[in-house]
Every structure is written in structure tokens, then in C-alpha cells.
Amino acid sequence: MDSFDELLRQAEIAHGHLCAGQILGVRMAMLGCQRLGIEDPRGKDRKRLVTYVEIDRCATDAIGVVTGCRLGKRALKFRDWGKMAATFVDLESGCAVRICAKESSKALAKQMYPEIENKNQQQMRAYREMSDSDLFTEQWVRVTVGSNEMPGYKGERVACDICREGINYDRFVRRDGKILCLSCAFPEQCYYQSIS
Ligand SMILES: [Zn+2]
Ligand SMILES: [Zn+2]
């Protein structure tokens, strides 16, 4: 794995700016890989890792850069829970570690650098220097990655009996002998409403 500074540089480029979230995300992902014994997540170990992120924020981009896990590779899973947390799953060993940024880290940053008025600058400085245990909580967890959730899964593609659109990865329900996509099966939960 590249050094912290090199990964941070890569994260800054990918994300578009340097911010406290990039530092947090790079450190979180480096720690996750370290705990799992994954040395080269984008190289020789690239098929071992699946990462679940619990927020769509600055740090999420950095986690993607460090781990190489991307939505398009099905190795990045998004659970929209609004928490600055991620779980790193080693598919080879079955081990998984969930890491969450501590609520107290903001206050600690203020305590460390009261003279820096800009919050982002203050946190960037402090988050570089804080110990892992001041910055994060860690827990070993069990994550069952279903066979149809695996990065390399190639499932059968079916069509919805109502809208006729194709459906991948078994994202359908059977109802009254019909195959229904999720928007047809659960229109009240659909994120869009048709206006034409
Ligand atoms: Zn940012
Ligand atoms: Zn449909």
C-alpha cells in the first residue's frame, strides 16, 4: 500500500479538494486494511475486499480510493444510515471489521488546535496527528455477503412482467406467478414518480 501522504494526494485528486473528510477516510480505510492484513487492496489483494459505507460524504470518496472498492465493481456497498462508519470485509478469511469515527474527535481537534479558527483546517491538522483510538472505534463483526452480492456474481437477467425493463442480480419479487421489478412491486417506495 502507498504511504498515507501519497494516498491522501490521490484522494484529493479524485475527490476534487483536500478536506478533513479525506484525511478521515484515508485513515479509516488504511486501518481497516491493516486490521484485516490486506497489504495491497488495489493490487494483489484486489479480489479480497468488499467495503460497506454508511454515509455518502467526503470520506466515502477517500475510502474508495484507498481500497479500490467501487460501486461499479460491486465491491462498494452503500447503506444510507448517515453514519461516518465503514465495514471492511475480507472475503478470503471471512473476517470483517467495522470502524466508526468518534463523536469526540471534533471536540478533541478543537482542544488540540484552539488557535486555528477554520474548523476544516483545525480538523485536518488534528486528524492527521490523532491516534487511531482517539479517532475511531473498532469492532469485529460478521458480515454475510450473499452469493448474489459478490463482486463477480453473474446472475440470470430477467424482465419485469409489468414495465418490461430488464432486472439484474435477482432484484425482483414473484407475485401471483409474475416477475415484478421493485418499482412496480413497491410503487410507494419508489424514489421517482412518473409525470409523463
Ligand atoms: Zn471533501
Ligand atoms: Zn417493472
Side-chain angles (χ1 to χ4, degrees), residues 2-32 42 51-72 76-86 88 99-103 105-110 112-113 116-130 132 135-136 148 155-196:
D2 291 326
S3 67
F4 171 78
D5 286 317
E6 173 55 23
L7 288 169
L8 190 62
R9 201 186 62 82
Q10 294 167 11
E12 179 184 356
I13 293 167
H15 180 59
H17 64 243
L18 185 60
C19 58
Q22 297 310 294
I23 292 168
L24 213 53
V26 168
R27 287 198 59 180
M28 190 182 274
M30 287 182 81
L31 182 62
R42 298 180 307 191
T51 303
Y52 288 75
V53 291
E54 298 183 19
I55 198 162
D56 47 354
R57 214 172 163 192
C58 292
T60 311
D61 282 346
I63 290 170
V65 167
V66 174
T67 61
C69 292
R70 296 172 205 278
L71 265 182
L76 189 71
K77 312 289 191 190
F78 178 42
R79 297 292 180 268
D80 193 0
W81 294 351
K83 287 184 176 182
M84 189 61 86
F88 304 89
I99 301 176
C100 186
K102 278 189 173 176
E103 272 300 283
S105 60
K106 280 190 173 63
L108 183 56
K110 198 173 169 185
M112 286 169 75
Y113 291 105
I116 304 176
E117 275 178 35
N118 180 291
K119 279 269 175 301
N120 189 48
Q121 295 295 333
Q122 183 185 66
Q123 287 164 9
M124 286 209 301
R125 180 82 184 268
Y127 291 173
R128 274 175 185 270
E129 297 168 10
M130 267 182 216
D132 287 332
L135 212 44
F136 303 117
N148 59 357
E156 194 193 353
R157 184 192 180 94
V158 298
C160 173
D161 281 321
I162 293 179
C163 69
R164 308 309 308 167
E165 291 179 354
I167 311 161
N168 299 284
Y169 306 131
D170 309 332
R171 285 351 188 225
F172 61 87
V173 296
R174 290 180 195 278
R175 193 182 287 165
D176 305 326
K178 287 189 165 66
I179 284 176
L180 303 185
C181 75
L182 299 181
S183 62
C184 290
F186 308 107
E188 68 286 357
Q189 289 172 28
C190 187
Y191 74 91
Y192 62 86
Q193 285 80 44
S194 183
I195 54 170
S196 62

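Ligands are counted one by one from 1 in listed order, and the atoms in each one are counted from 1 as well. These values consider heavy atoms only, across backbone and side chains, with no hydrogens, waters or symmetry-generated copies.
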### Task
Indicate yes or no: does Asp161 engage Arg174 in a salt bridge with an N to O separation below 4.0 Å.
no
### Query
Vertex the Zn ion (ligand 1): angle to SG of Cys19 and SG of Cys58, to 10°?
110°
### Query
Under a 4.5 Å cut-off applied to non-hydrogen side-chain atoms, are Phe78 and Thr60 in contact?
no
### Query
Do Leu135 and Met28 touch side chain to side chain, with heavy atoms closer than 4.5 Å?
no
### Query
How is the N/O/S atom of His15 that comes nearest to the Zn ion (ligand 1) named?
NE2
### Message
What verdict does the side chain to side chain contact (heavy atoms under 4.5 Å, CB included) test give for Gln22 and Glu12, after you've listed the backbone C-alpha separation in whole Å, the side-chain angles of each residue and the deciding distance to 0.1 Å?
### Response
CA-CA 7 Å; Gln22 297 310 294; Glu12 179 184 356; 5.7 Å; no
### Message
If you round to 10 degrees, what value do you get for the angle at the Zn ion (ligand 2) between Cys160 atom SG and Cys163 atom SG?
### Response
110°
